[in-house]
Amino acid sequence: LLINGELPTGNQLKEFSGLLNSHSLVHEDMRAFFEKYPRGAHPMGILSSMVNALRAFYPAVPERSEEEEINITVARLISKLRTLAAMSYQISRGHRVIYPSHKLGYCANFLNMMFDSPVQPYVIDPDVVRALEVFFILHADHEQNCSTSAVRLVGSARVDLYAAISAGMSAL
């Protein structure tokens, strides 16, 4: 709804969910970036930098139509953001990174990547997954605040989506 301005059909939702799963992994070289940040660096600064770095790893593909490229780039960003956030959390705790699973939905995947551990496997609670889904929906459209204004201003210069979202994250 927020991307296209209208609710998707069942097929469009299934296709977009597939894109979210297929683009959920991040390039392994990005892990080295995480490990080079100073201990105690602010998580939003790190995440903002990591989002901006996505452009170097995932440039636009010119043979796709503009609509296709937008859908793939948006799905890539939405999916990789949860992976980057979970990686940041696990690395900050000195734990191994948990990779996304194609068998799980968006929120279940995020919770699993955040809290799974080799010594204490995370048990996915459907009520917690639903609560996180509702939380994300409630926060998806949060009006015209500072971060939204930053994204719009930077995006108006026709920069790539990663740079615009990174600017918005920095404005938080």
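All residue numbers refer to positions in the sequence shown, counting from 1.
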In terms of heavy-atom contacts, L25 and P100 come closest through CD2-CD, 3.7 Å

So do the side chains of Y58 and T73 get within less than 4.5 Å of each other, counting heavy atoms only? no

Answer whether the closest heavy-atom distance between the side chains of S79 and N21 falls below 4.5 Å.
no

Between F16 and I78, the two heavy atoms sitting closest are CZ-CD1, 4.1 Å

| said: Would the distance check show the side chain of S166 and the main-chain N or O of Y162 forming a donor-acceptor pair, the cut-off being under 3.5 Å? | reply: no

So CD1 of I124 and CG of N112: to nearest 0.5 Å the spacing works out to 5.0 Å

**Prompt:** Are any of the side-chain heavy atoms of T83 and V97 separated by less than 4.5 Å?
**Reply:** no

>> Hydrophobic cluster membership, with links at side-chain heavy-atom distances under 4.5 Å among I/L/V/M/F/W/Y: are V151 and M44 in one?
In response: yes

>> Could you check whether any side-chain N or O of Q120 sits under 3.5 Å from a backbone N or O of S117, counting only pairs where one atom can act as donor and the other as acceptor?
In response: no

Q. M113 and Y89: same hydrophobic cluster, using ILVMFWY side-chain contacts below 4.5 Å?
A. no

Check your understanding: Would you call the rings of Y106 and F136 parallel, tilted or perpendicular, where under 30° means parallel and over 60° means perpendicular?
Key -> perpendicular

For L47 and A85, the nearest pair of non-hydrogen atoms, with its separation, is CD1-N, 4.1 Å

So ring-ring contact (aromatic ring centres under 6.0 Å, His included) across residues 33-53, not counting sequence neighbours, yields F33-F57

query = Would a 4.5 Å heavy-atom cut-off, applied to side chains only, mark C107 and R130 as touching?
reply = no

Quiz item: Is the side chain of S147 donor-acceptor paired with the backbone N or O of A171 at a distance under 3.5 Å, no angle test?
Solution: no

Minimal heavy-atom distance between A53 and M30, with the atoms involved, is CB-CE, 4.1 Å

| task | Report yes or no: do L19 and L13 belong to one cluster of Ile/Leu/Val/Met/Phe/Trp/Tyr joined by side chain heavy-atom distances under 4.5 Å? | result | no

E15 meets the salt bridge (charged side-chain N to carboxylate O under 4.0 Å, His left out) criterion, sequence neighbours left out, with none

| said: Test of understanding: clusters of I, L, V, M, F, W, Y form through side-chain heavy atoms closer than 4.5 Å, transitively. Do L172 and L153 belong to the same one? | reply: no

- prompt: Any side-chain donor paired with an acceptor under 3.5 Å for T148 and N145?
  reply: yes

Q: Could you please spell out the steps behind the side chain to side chain contact (heavy atoms under 4.5 Å, CB included) verdict for R76 and L54?
A: CA-CA 9 Å; R76 181 180 289 138; L54 287 171; 5.9 Å; no

In this structure, NZ of K36 is separated from CD1 of I46 (nearest 0.5 Å) by 14.0 Å

Across all chains, not counting sequence neighbours, the salt bridge (charged side-chain N to carboxylate O under 4.0 Å, His left out) partners of D116 are none

Would the distance check show the side chain of S48 and the main-chain N or O of G45 forming a donor-acceptor pair, the cut-off being under 3.5 Å? no

Ring pair (Phe, Tyr, Trp, His ring centres under 6.0 Å) filter on F135, not counting sequence neighbours, yields H139

Rounding to 0.5 Å, atoms CE (M169) and CG (L81) come to a distance of 5.5 Å

Q90 and I98 have their tightest heavy-atom pair at NE2-CG1, 3.6 Å

Taken to the nearest 0.5 Å, the spacing of S49 OG from L84 CG works out to 11.0 Å

Between the CG atom in D125 and the CG atom in L132, the distance rounded to the nearest 0.5 Å is 12.0 Å

A75 and L20 have their tightest heavy-atom pair at O-CD2, 3.6 Å

By ring pair (Phe, Tyr, Trp, His ring centres under 6.0 Å), Y99 pairs with (sequence neighbours left out) none

Grouping ILVMFWY residues whenever side-chain heavy atoms fall under 4.5 Å, the cluster of V154 otherwise contains V159

In this structure, OG of S24 is separated from CZ of R82 (nearest 0.5 Å) by 5.0 Å

Margin query: Please check if the number of heavy atoms outside N11 that lie under 6.0 Å from its CG is greater than 12.
Written below: no

Discussion item. Over 60° means perpendicular and under 30° means parallel, so tell me whether F115 and Y122 are parallel, tilted or perpendicular.
Written reply: tilted

